[in-house]
Amino acid sequence: MSIRLISWNINSVRARFDIIDRLIEDSAPDILALQEIKVDTPLFPRAFFEERGYVHQAINGQKNHHGVATLSRLPFEHQDQIDWCQMGDARHVSVRVDGIDIHNFYVPAGGDEPDPEANAKFAHKLSFLDEMRSWSEAIDTPSVLVGDLNVAPLEHDVWSHKQLLKVVSHTPVECDAFGRFIDAHGWVDVMRRDIPEPEKLYSWWSYRARDWVRSDRGRRLDHVLASPGIADRLHSPQVLKHTRGWEKPSDHAAVQVDIGRG
DNA sequence: ATGGTTGGCGTCCAA
């Protein structure tokens, strides 16, 4: 008996009903953590998920951009959301299932210019990661953290470490901030525990490539992290790469993990 | 060195 959790940056939930259906049929997640739903909370398509058994819904939506939602067949014992950096952005929602807090994150992408002086979006991203660090220091309940963290922290999380050193998502200043966030709670990077470097591992491929499979210029932006005390309950983490190849895809593949019952 | 694509109550912005 285990709980299957799938995290997916869906790039507009209302534009992806067909592939969400396909994911549910193929992989039967118990819990689905979506990011970039691009819809305000009152307009979220609740009925679509209720009809498929996901009657427990924690939605933190926003008009136009961002937005996260956690849909579940299992009941929530608690739910919450945090307004990071007091920006009013919908970038986080958490639920408690089977005694585990499941955090669903959408970290700011950070714009194009990797200079916090010149680019307010990049400064915001660094502040966001620093808030995640200090928040992580205080966590005292078993937690799983998933979502689009918009950082590819390791050398083999990108198609070319050298060529991406000045590209937002893989700059040293971001990777360092990400590392401090990881260390603050002792988060276990479950994906890399089981699929270690130097194997290349990506969860995002740009829409702009002529042939994303052939060029394979991916990045690992989506993550599965666990508290050290429960990390051994998480099994078989994987990037569902085929989801990126479906018709009218998101630019992110879905990411899956199974959580053994405690 | 540049451009490429997608979605949103949109005619540009963010990704």
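Just so you know, these numbers come straight off a predicted model, no measurement behind them. Every heavy atom of this structure was used, including side-chain atoms; hydrogens, water molecules and symmetry mates were not.
- The distance between atom CH2 of Trp212(A) and atom C1' of dT6(B), rounded to the nearest whole Å, is 16 Å.
- Rounded to a whole Å, the OH atom of Tyr207(A) is 13 Å from the C1' atom of dA14(B).
- Residue His66(A) is in sugar-phosphate contact alone, with no base atom involved, counting any heavy-atom pair closer than 4.0 Å across all strands shown.
- Distance Arg91(A) CZ to dA14(B) C1': 10 Å, rounded to the nearest Å.
- Atom-to-atom, CG of Asn64(A) to C1' of dG8(B) comes out at 6 Å; the value is rounded to the nearest Å.
- The distance from atom NE2 of His252(A) to atom C1' of dT5(B) is 13 Å, rounded to the nearest whole Å.
- The distance between the ring centers of Phe105(A) and Trp135(A) falls below 6.0 angstrom.
- The stretch residues 147-156 of chain A does not touch DNA chain B, since none of its heavy atoms comes less than 4.0 Å from the strand.
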Chi angles and distances behind the side chain to side chain contact (heavy atoms under 4.5 Å, CB included) call for Lys200(A), Asp216(A): CA-CA 10 Å; Lys200(A) 291 286 188 187; Asp216(A) 199 24; over 6 Å; no
So Arg52(A) and Asp21(A), side chain to side chain contact (heavy atoms under 4.5 Å, CB included) or not? Walk me through it. CA-CA 9 Å; Arg52(A) 286 151 181 79; Asp21(A) 249 340; 2.6 Å; yes
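- Toward the 5' end of DNA chain B, the nearer of the two residues Gly111(A) and Ala15(A), judged by each one's closest nucleotide, is Ala15(A).
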Pair Arg219(A)-Leu164(A), side chain to side chain contact (heavy atoms under 4.5 Å, CB included): steps then yes or no: CA-CA 10 Å; Arg219(A) 305 177 201 171; Leu164(A) 285 167; 4.1 Å; yes
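- dG8(B) sits 22 Å from dG4(B) when the P atoms are compared, rounded to a whole Å.
- Nucleic acid contact class of Arg14(A) (heavy atoms, under 4.0 Å, all strands): sugar-phosphate only.
- Across the P atoms, dA14(B) and dG10(B) are found 15 Å apart, a figure rounded to whole Å.
- The nearest whole Å value for the distance from the NZ atom in Lys38(A) to the C1' atom in dA14(B) is 7 Å.
- One P atom belongs to dA15(B), the other to dC9(B), and the distance between them is 15 Å to the nearest Å.
- Rounded to an integer number of Å, the gap from Trp205(A) CH2 to dA15(B) C1' is 17 Å.
- Scanning all heavy atoms of the two residues, the minimum distance from Glu199(A) to Arg192(A) falls at O-NH1, 2.8 Å.
- Going from atom CG of Asp211(A) over to atom P of dG4(B) covers 17 Å, rounded to whole Å.
- Look at Arg180(A) and Asp183(A) and you find no salt bridge, because none of the NZ, NE, NH1 or NH2 atoms lies under 4.0 Å from a carboxylate O.
- Looking at Asn119(A), its side chain does come within 3.5 Å of a backbone N or O of Glu113(A) through a donor-acceptor pair.
- Comparing the C1' positions of dT11(B) and dG7(B) gives a spacing of 14 Å, expressed to the nearest Å.
- Heavy atoms of Arg16(A) sit under 4.0 angstrom from primed sugar atoms or phosphate atoms, though from no base atom.
- Between Lys63(A) and Arg208(A), it is Lys63(A) whose nearest contact on DNA chain B lies nearer the 5' terminus.
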